[in-house]
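Below: the structure, in structure tokens.
This chain uses plain numbering: 1 for the first residue, then up along the sequence. These figures come from a predicted structure and were not determined experimentally.
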Amino acid sequence: MPDAGTSRARYRRILRFASIYIAQAWWYELVLPRIGLAGLAARGRARRLTRIAQRFHVLAVDLGGLMIKVGQFLSSRLDILPPEITSELAGLQDEVPAVPFPAIKALAEAELGAPLDRVFAWFDEVPVAAASLGQAHRARLAEEDAAVVGFDAVVVKVQRPGIQAIVDVDLAALRRVAGWLSRVRIVSDHVNLPILVQEFAETSLAEIDYLQEAANAERFADDVADDARVDVPDIVWERTTRRVLTLSDVTAIKVNDVEALRAAGIDPSAVAAAFAQAMFEQLFGRGFFHADPHPGNIFVTPSAAASDGGADDGAPPWRLTFIDFGMMGQVPDGLRDGLRRLLIAVASRDGKGLVAAIREVGVLLPSADTTELERAMTQLFARFGGMGFAQLRDVDPNEFRQFGEQFGEVVRSLPFQLPENFLLVIRAMSLTSGVCSALDPEFNIWDAVEPYAGRLMREQSGNLVQDLAQRAVSIAGLALGMPQRVDALATRVEEGRVAVTTPALDRRLARLERTGRRIVSAVLFAALFVGGILVLPANGVIGTVLLIVSALPLLHALFAGIAGRRSP
């Protein structure tokens, strides 16, 4: 267990790293654009991001603990982070060093209350897997335990010694960093970071409680009991504690091992389709889902039917075996209904319906003006709807960049927030997409979405009459009020009080005008500053005056944007 001095040093190291790169981001992404040097900031951005990711990679491997989890999460955010970051952090899980066996043995024996050679007939000292919070070893149960549970081959998951103290330090540091970033308006307008960190904390603390993980595994097994495609290991409760978890050994073909799958006569594209459907069912159907479905946590297990030439019930002669139930997500009924509508809108390429579903899910605040977002989503579906990953790779990068700039401007102007548990939903979908595209480069997410969305639409068809009745009442109310509205509009036209507003155009013109003023101020600052430096040796008084006066246009160039954003 780390002592107080080690914990303080760890805490300070995390904060020092965060403060350096927050300051760097502030300078390059906020200050330089405000003084007309956005091009300079953009030119070195890729190199800068790569360097930051490399240094965080080194920090995470050195510190371990939750820093590995933070890196893993960032590596899965292909939707919001550039490839310079995600690709650099992608291999973090594979670099976690194992804990020496004597420390693992001591902890396991203390938890189980007996020497390992009495509890198990055999225990492998070399771990089969090492993760950031614990590591797993193969073992065989003692004869009496094997007779009770019906099998003897097990995997014993043992928590890293002292991990509770390390998690506490890391969470304290993350909360401090979230507090810093919450004071930055561009961050606080879009996400409540303290709540986000709190959700991450709850998930992380649940991961180091193996009794909770065992309960999650049994609940998940009950949920998928009628799904012939999915399997779950059995828990050996007699050899399980809060820090030691013993379960049946279900090790098989790693889900992304394409060569091994083909050697076993299994089609990787069929695995991709089944995996996507299984995850959709968890997320949009049952509402209790595996939130960490990375390749290390999913096996493809050939079933007994494979040797008989296939299954009789139409199920494939293999099963998807999920392990590691420490990170599970729960989708409340309201959120699940919103996600279902979102899925249906995506499948039907309905931009307006998609925005309405996003609002219902709670990602958009009620005050958001979504007109431009609806237009952008409609354009997105019209151009890229139905394309798979392979087809998207053939699209002109310049077209992607132009659409990304336009779409990014619209998104950044809207007040987003992340509702509870949505972070885990995003993580699960990101990892699912990554696994499926690795299994099948031609994998098309639309093909996987449409059958499931069609089923959801059929299930919800029972509500169609009620929905139509509600719409009829709404239309009737609108029709009854129409004469009064027309009369009021005519009166306003006669009095010359009708005004046509274009909020997006007005905002862009105002932003352009402010930018122009700041560029003039930046040029004036540069002229005065350089002039002061040149004059200073010959005439100290005039040179000093020029340097002092140059501060005024500099302040305007830096901070005029703040006043502009606050003005209506």
Side-chain angles (χ1 to χ4, degrees), residues 2 5-33 37-99 130-133 160 162-163 165-184 186-187 190-191 193-194 196-197 200-201 204 292 294 296 423 426-427 430-431 434:
T6 303
S7 296
R8 282 195 300 270
R10 180 186 183 92
Y11 179 80
R12 287 195 297 267
R13 188 174 174 189
I14 296 172
L15 293 187
R16 185 166 60 249
F17 180 92
S19 61
I20 289 172
Y21 291 108
I22 289 173
Q24 185 185 98
W26 173 80
W27 174 255
Y28 282 102
E29 305 301 332
L30 294 178
V31 175
L32 291 185
L37 298 176
L40 177 64
R43 278 197 296 273
R45 184 173 290 122
R47 185 172 62 255
R48 231 173 21 251
L49 293 175
T50 300
R51 186 164 58 247
I52 292 172
Q54 289 171 343
R55 291 179 179 174
F56 182 80
H57 193 141
V58 172
L59 177 76
V61 172
D62 190 26
L63 293 180
L66 287 189
M67 292 302 100
I68 295 284
K69 288 288 181 185
V70 171
Q72 290 169 348
F73 171 71
L74 294 176
S75 71
S76 70
R77 295 308 306 272
L78 303 175
D79 51 336
I80 61 172
L81 293 176
E84 292 86 0
I85 290 180
T86 56
S87 60
E88 180 62 35
L89 301 179
L92 269 176
Q93 180 65 49
D94 298 328
E95 298 180 39
V96 180
V99 176
S132 55
L133 305 181
R160 284 178 174 261
I163 193 63
I166 291 173
V167 167
D168 290 343
V169 171
D170 291 355
L171 288 176
L174 290 174
R175 289 188 179 102
R176 185 73 176 273
V177 173
W180 290 346
L181 291 173
S182 295
R183 296 186 179 93
V184 181
I186 194 172
V187 175
H190 291 81
V191 62
L193 272 180
L196 202 62
V197 171
F200 181 71
S204 302
D292 196 22
H294 65 74
L423 180 66
I426 294 172
R427 175 182 174 81
S430 297
L431 290 172

If you take all heavy atoms of [X] and [Y], which pair is closest and at what distance?
| X | Y | result |
| --- | --- | --- |
| Ser182 | Pro194 | OG-CD, 3.2 Å |
| Leu174 | Phe200 | CD1-CE2, 3.7 Å |
| Val177 | Ile22 | CG1-CD1, 4.2 Å |
| Val197 | Arg175 | CG1-CG, 3.8 Å |
| Ala173 | Ile14 | CB-CG2, 3.7 Å |
| Ala172 | Tyr11 | C-CE1, 3.7 Å |

Is Arg48 reaching over with its side chain to a backbone N or O of Ala25, donor-acceptor style, under 3.5 angstrom?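 Looks like no, no N/O pair under 3.5 Å.
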
Check whether Arg427 reaches the backbone of Asp292 with its side chain - one donor and one acceptor, N or O, closer than 3.5 Å.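 A pair under 3.5 Å: no.
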
Taking atom CH2 of Trp27 as the centre, does the number of heavy atoms from other residues, nucleotides or ligands within less than 6.0 Å exceed 12?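 For Trp27, atom CH2 is not crowded (no more than 12 foreign heavy atoms under 6.0 Å).
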
For a side-chain contact (heavy atoms from CB on, under 4.5 Å) check, start with the C-alpha distance between Val169 and Thr6, then their side-chain angles and the critical distance, and finish with the verdict. CA-CA 10 Å; Val169 171; Thr6 303; over 6 Å; no

Any chance you could measure [X], atom [atom1], to [Y], atom [atom2], to the nearest 0.5 Å?
| X | Y | atom1 | atom2 | result |
| --- | --- | --- | --- | --- |
| Leu66 | Leu133 | CG | CG | 6.5 Å |
| Arg45 | Leu40 | CZ | CG | 10.5 Å |
| Asp62 | Ile68 | CG | CD1 | 10.0 Å |
| Asp168 | Ser204 | CG | OG | 11.0 Å |
| Arg10 | Leu63 | CZ | CG | 4.5 Å |

Just so I know, are the side chains of [X] and [Y] near enough to count as touching, which here means a heavy-atom distance under 4.5 Å?
| X | Y | result |
| --- | --- | --- |
| Leu49 | Gln54 | no |
| Leu37 | Val31 | no |
| Val61 | Met67 | no |

Per the side-chain hydrogen bond (donor to acceptor under 3.5 Å, both in side chains) rule, which among Arg16, Arg51, Arg55 passes with Tyr21?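 The side-chain hydrogen bond (donor to acceptor under 3.5 Å, both in side chains) with Tyr21 is passed solely by Arg55 among Arg16, Arg51, Arg55.
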
Run the side-chain contact (heavy atoms from CB on, under 4.5 Å) check on Tyr28 and Gln24 step by step: do they pass? CA-CA 6 Å; Tyr28 282 102; Gln24 185 185 98; 3.6 Å; yes

Salt-bridge criterion met for Asp170 and Lys69 (N-O under 4.0 Å):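 Answer for the salt bridge query: no.
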
